[in-house]
Undergrad: 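Sharing a structure, written as structure tokens. Questions coming.
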2 protein chains.
Amino acid sequence: MVVIVVIVTRVRETRIKWARNCGCSIRCWVQGKEIQSIGDKVGVGCMVGACHSCENCKNDLENYCPKSIFSYNATYYDQTRTYGGYSDVMVANERYVILMPENLPLDAAAPYCVLGSRTSPSKEKEAIQHLGADSFLISRNPDQMQAAMNTLDGIIDTVSAVHPLQPLFGLLKSHGKLILIGAPEKPLELPVLPLLMGRKLAAGSFTGGMKETQEMIDFAGKHNITADIEIIPMDYVNTAMDRLSRADVKYRFVIDIAKTLNIA
Amino acid sequence: MVVIVVIVTRVRETRIKWARNCGCSIRCWVQGKEIQSIGDKVGVGCMVGACHSCENCKNDLENYCPKSIFSYNATYYDQTRTYGGYSDVMVANERYVILMPENLPLDAAAPYCVLGSRTSPSKEKEAIQHLGADSFLISRNPDQMQAAMNTLDGIIDTVSAVHPLQPLFGLLKSHGKLILIGAPEKPLELPVLPLLMGRKLAAGSFTGGMKETQEMIDFAGKHNITADIEIIPMDYVNTAMDRLSRADVKYRFVIDIAKTLNIA
């Protein structure tokens, strides 16, 4: 697996998108084994490398390989630094290139290359009317929380700040699952009795492996599912980061690199 | 389900055993529907009642019924107090009566009606030579812990004291499972990143449902598996509790109620 996808399209034509400092979507030039062809719409997610020989890699779970290489802020095989989607040109091993369905716009599909979503209490109306949520529960509202006790089969917890888990376990039915995908800097408090008495669990999940990711993107293409995004220029990144920290985004920032990245 | 198992055998013949204040094994007298017959060896575990109409009860998981009634220190349907295995005579709904295999001695099988086990560093030789353990790892030994990093598929954590989970997650391979069956009084610290980066999980498990428990006991009977026990008289209970708190028991205390309980 030394085939390299080389991205050399002109910047104006390249649709490089970035979401939350780890994803990008790109037009590509393919050299070697042609899983992708010249002009295909492709994406690169969080990863650009792994050992390819461990049990996880053999099971298409490169994301759990202890030697996996992030596409940003990491050291590549050749000791160069990875910069993720902040680039106008990118070179990636074809294993880490996702083929994007032709029918999906690159900008609104870009967030699928990476993880998660954010919401906030102010988005209740939109969540129900626009996104089709059956219900909207605000975890800081004790009455709503009390009414929803023991009703949920599972919770996907995207919160990256330190937060109490006890109320979330309270929402779960017996045998319910709390899936953590946010990464708080400090450990969370794990109340053990609710786990024991309800056979509940707390599990973590990171980004998918490349096979899983391709399947997810293909599914999105088949059903024409795109993400709600807010397109921003490159020089808006710091403001976007501030807004992200306040959960003030519907629901993903995507940088239009092609139009706004200044090339020397 | 109103059929009642009445235990009225003479004390000298009754083999009532108790383990860690929640289990007992008894000879029984059966009234009504004869799932058990007079003279059968039976046991009662942690539970003696539940609602019998919720989803958990319908799925033979009375142990997770929110209205389940413990066999000790709880209030029964008729508002009387339950005393568990500290009694010479016991009345139980037949749903909560476990039929003990004829070939198993009641004392050495009694611990199976309840949960868990205890060990300590001093038991290494015995664990390997007598119990057939493949390996013995002391979690306070940093060298042993380091050598065992990322090698385990699962850990059953019986520790009831507050203890760090981070080293245990370190022992698990990707997708490994930490099953907590001890109940520390305070929350444990849950390091989230190891869960995320390794798709690991922490889950709780309580005693089994009656169906599961009967299956486990039948399995033990079929394969002639008994627990290692230390038989004690009733007046040794407080000493036993002190020893338990120091993990000084191989591996379960069982009280010989029949021989040592003083009847007024």
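Every chain is numbered from 1, with letters handed out A, B, ... down the list of sequences.
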Undergrad: Please say whether more than 12 non-hydrogen atoms of neighbouring residues, nucleotides or ligands are located less than 6.0 Å from CD in B:E212.
TA: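 Yes - once you tally the heavy atoms of other residues, nucleotides and ligands closer than 6.0 Å, there are more than 12.
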
Undergrad: Working note: B:N56 + A:H175, criterion side chain to side chain contact (heavy atoms under 4.5 Å, CB included); need CA distance, chi angles, decisive distance, verdict.
TA: CA-CA 10 Å; B:N56 280 317; A:H175 330 297; 2.7 Å; yes

Undergrad: A:K177 vs B:L201, test: side chain to side chain contact (heavy atoms under 4.5 Å, CB included). Steps then yes/no.
TA: CA-CA 10 Å; A:K177 295 171 175 58; B:L201 65 82; over 6 Å; no

Undergrad: Checking heavy atoms, do the side chain of A:L61, its backbone, both or neither come under 4.5 Å from chain B?
TA: side chain

Undergrad: Determine the option with the most heavy-atom pairs under 4.5 angstrom with chain B, choosing from A:L165, A:N63, A:L188, A:L180.
TA: A:L188

Undergrad: Could you pull out all residues at least two apart from B:D143 that satisfy side chain to side chain contact (heavy atoms under 4.5 Å, CB included)?
TA: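 In terms of side chain to side chain contact (heavy atoms under 4.5 Å, CB included), with neighbours along the sequence ignored, B:D143 is linked to B:N141.
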
Undergrad: Out of A:P184, A:S174, A:A183, return the one with the most heavy atom pairs under 4.5 angstrom to chain B.
TA: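 Heavy-atom pair counts peak at A:S174.
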
Undergrad: Under the side chain to side chain contact (heavy atoms under 4.5 Å, CB included) criterion, do B:M197 and A:Y64 qualify, and how do the steps go?
TA: CA-CA 6 Å; B:M197 302 304 287; A:Y64 297 115; 5.7 Å; no

Undergrad: Given B:L196 and A:I181, is the side chain to side chain contact (heavy atoms under 4.5 Å, CB included) satisfied, shown in steps?
TA: CA-CA 6 Å; B:L196 260 63; A:I181 61 173; 5.5 Å; no

Undergrad: Can you list the residues that meet the side chain to side chain contact (heavy atoms under 4.5 Å, CB included) rule with A:P187, with sequence neighbours excluded?
TA: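 For A:P187 the side chain to side chain contact (heavy atoms under 4.5 Å, CB included) partners, ignoring immediate neighbours, are B:E189.
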
Undergrad: Using a cut-off of 6.0 Å, state whether more than 12 heavy atoms not belonging to B:I138 lie near its atom CD1.
TA: yes

Undergrad: So does A:Q144 have more than 12 non-hydrogen atoms from other groups sitting under 6.0 Å from CD?
TA: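 Atom CD in A:Q144 is packed in, count exceeds 12.
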
Undergrad: How about A:D78: does its CG atom have over 12 heavy atoms from other parts shown lying under 6.0 Å from it?
TA: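 More than 12 heavy atoms, drawn from other residues, nucleotides or ligands, come within 6.0 Å of this atom.
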
Undergrad: Give, for atom CZ of B:R199 and atom OG1 of A:T207, the distance between the pair rounded to the nearest 0.5 Å.
TA: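 The distance works out to 11.5 Å.
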
Undergrad: If you tally heavy-atom pairs under 4.5 Å against chain B, which of A:P66, A:S68, A:A203, A:A202 wins?
TA: A:A202

Undergrad: Sort out for me which of B:V192, B:L178, B:L190 touches chain A most, counting heavy-atom pairs under 4.5 Å.
TA: B:L190

Undergrad: Using a cut-off of 6.0 Å, state whether more than 12 heavy atoms not belonging to B:I156 lie near its atom CD1.
TA: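 Result for CD1/B:I156: open.
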
Undergrad: Given that the side chain runs from C-beta out, which part of A:L193 has a heavy atom under 4.5 Å from chain B: side chain, backbone, both or neither?
TA: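 Contact with chain B: side chain only.
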
